[in-house]
Protein chains: 2
Amino acid sequence: MALEDYPRPSVTVDVIIFTLHDDLQVLLIKRKYPPFAGMWAIPGGFVQEGESLEETALRELEEETGVRDVYLEQLYTFGNPGRDPRGWVITVAYFALVPCTAVDLQAGDDAAEARWFSIHSLPLLAFDHADILPYALQRLRYKLEYSAVGFELLPETFTLTELQTAYETILDETLDKRNFRRKILGAGVIERTGAYRTGEGRPAQLYRFRDDAVAEVKARRLFP
Amino acid sequence: MALEDYPRPSVTVDVIIFTLHDDLQVLLIKRKYPPFAGMWAIPGGFVQEGESLEETALRELEEETGVRDVYLEQLYTFGNPGRDPRGWVITVAYFALVPCTAVDLQAGDDAAEARWFSIHSLPLLAFDHADILPYALQRLRYKLEYSAVGFELLPETFTLTELQTAYETILDETLDKRNFRRKILGAGVIERTGAYRTGEGRPAQLYRFRDDAVAEVKARRLFP
DNA sequence: ACAAAAGTGTTGAGAGTACACCCATGC
DNA sequence: GCATGGGTGTACTCTCAACACTTTTGT
């Protein structure tokens, strides 16, 4: 039995692009054409033959933001019937973490407009994107706790206070300064650059992430 | 631009079916037709229109094993070009946990034979299934540590020693008996049935899983 | 000199880990 | 009565969490 004997769905890749700019933000595009014309949506596009899913995601990411070499992870594949009024469409969702310093917004030609939205003030979303986005946020928060993905949202160098603020923003809770510093320095995942950031008050040491660091910790065990 | 203007891939769902029978085992089917005729493969099939991905996975699972109502989780979507010599095929992989008591093997009509293989003695696999299977195993081991999925591989009632042996088999390490018992009883996820299992030696209390239990523990934090 | 942010240690509580012997049954 | 697997407690270590003052700079 040949492949052509089975009906085939359309397959898209959607990329939830997070950045940190005062608040945790997501890039959304305003749809130019029906369905959902004028509504906001997660950027995405059709997979092309001869291209891996990750390549599709990277292509979409570059089209929207101009960035390459950022953190990208497959999230989940959504295929419920009826999720797209145009017909049978399965979407493979990815999420990306982009430092706010690296972004250069450029609306793709299938979008009227691209904009960052704080995750605390999201608009109504097209398709089933209102289900997909919280899923991505949950995964991000979860990964943040046991891995070092948080650094992917920060510029190359940063102060300890900036790092702590980033974590507090994403996790939406406050952390103890001394405990935070002790633990992160003890983990050996960052190192001093030797430079300082000056401004109001005492200048702060600048740190950078050590990408040779093993930046993942085992989950706490439910059973011994 | 209409959906039909874009080329569409074939989409399959593959289900890695785990069970515990002395050792941790995986169900594989021997392919009847080319490509890879005669080779072993993860069971799977094409998604049908009007069906969710999870429904496809459940359908495949029931066709192969006759079971319903077992643990099923989406794993990852594989879409590398060239992974299927027949053409452009994307597969959404799921994994399932089946108690060995519940299984009733029945080869689907597209398979010559279905068999359980210990994960320590796997045959050569068709397609890119040799990449998919270790991925599933890693996810299973990982989830086992911070959630209670391990119970999904056990019969309804079990002794504490059986439970501990199950964990030891999957994690491939030995655990301390007293610590194991203290922690799992303290977690409140199992309860006595009142019945005993007799055999050689002192009879053992039988326990059952409490499905009202919150059986997930937070990951250890990398940072406070 | 004062405002503003950076930096720095200690203590108490709870969880994790290591470890060895008695108990109930079948043969 | 003995072989077989079931069941139990304690002490030490380490990690986690709570908490407040001094230092350095710019104005």
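Naming: A, B, ... by sequence-line order, numbering from 1 per chain.
- Taking atom CD of Glu162(B) as the reference point, atom P of dG5(D) lies 13 Å away to the nearest angstrom.
- Rounding to whole angstrom units, NZ of residue Lys177(A) and P of dA6(C) are separated by 6 Å.
- Rounded to a whole Å, the CG atom of Leu160(A) is 12 Å from the C1' atom of dT8(C).
- Nearest-nucleotide mapping onto DNA chain D: of Glu200(B) and Pro203(A), the residue sitting toward the 5' end is Glu200(B).
- Between Arg202(A) atom CZ and dA6(C) atom C1' there is a gap of 5 Å when expressed in whole angstrom units.
- Within the structure, a side-chain polar atom (N or O) of Lys183(B) is placed less than 4.0 Å from OP1 or OP2 of dG16(C).
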Donor-acceptor pairs are to be reported for all side-chain atoms of residues 122-138 of chain A against protein atoms at under 3.5 Å, with residues two or more places apart or in another chain.
from: Asp128(A); atom 1: OD1; to: Arg83(A); atom 2: NE; distance (Å): 3.3
from: Asp128(A); atom 1: OD1; to: Arg83(A); atom 2: NH2; distance (Å): 3.0
from: Asp128(A); atom 1: OD2; to: Arg83(A); atom 2: NE; distance (Å): 2.8
from: His129(A); atom 1: ND1; to: Ile42(A); atom 2: N; distance (Å): 3.0
from: His129(A); atom 1: NE2; to: Asp14(A); atom 2: OD2; distance (Å): 3.2

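- Arg178(B) places its CZ atom 12 Å from the C1' atom of dA11(D), with the value rounded to the nearest Å.
- Among the nucleotides dA6(C), dG9(C), dG6(D), the one closest to any side-chain atom of Asn179(A) is dG9(C).
- Every residue was checked against the salt bridge (Lys or Arg N to Asp or Glu O under 4.0 Å) condition with Glu156(B), not counting sequence neighbours, and none meets it.
- With rounding to whole Å, Leu175(B) atom CG is found 14 Å from dA18(C) atom C1'.
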TODO: Please assess Phe158(B) against Phe209(B) for the test ring pair (Phe, Tyr, Trp, His ring centres under 6.0 Å), listing each intermediate value before the final yes or no.
DONE: CA-CA 9 Å; Phe158(B) 46 83; Phe209(B) 179 60; 8.2 Å; no

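- Protein atom CD1 of Ile190(A) is 14 Å distant from nucleotide atom C1' of dG7(C), rounded to whole Å.
- The base of dG9(C) sits within donor-acceptor range of the side chain of Arg182(A), with an N or O pair under 3.5 Å.
- Within the 4.0 angstrom heavy-atom criterion, no nucleotide atom of any strand lies near Thr198(A).
- Using a 3.5 Å distance cut-off with no hydrogens or angles, the side chains of Thr56(A) and Glu51(A) do pair a donor with an acceptor.
- With rounding to whole Å, Glu173(B) atom CD is found 13 Å from dT17(C) atom C1'.
- The side-chain tip of Arg115(B) points at the ring of Phe117(B) from less than 6.0 angstrom away and within 45° of straight on.
- Between Thr161(A) and dA6(C) there is a side-chain polar atom (N or O) within less than 4.0 angstrom of OP1 or OP2.
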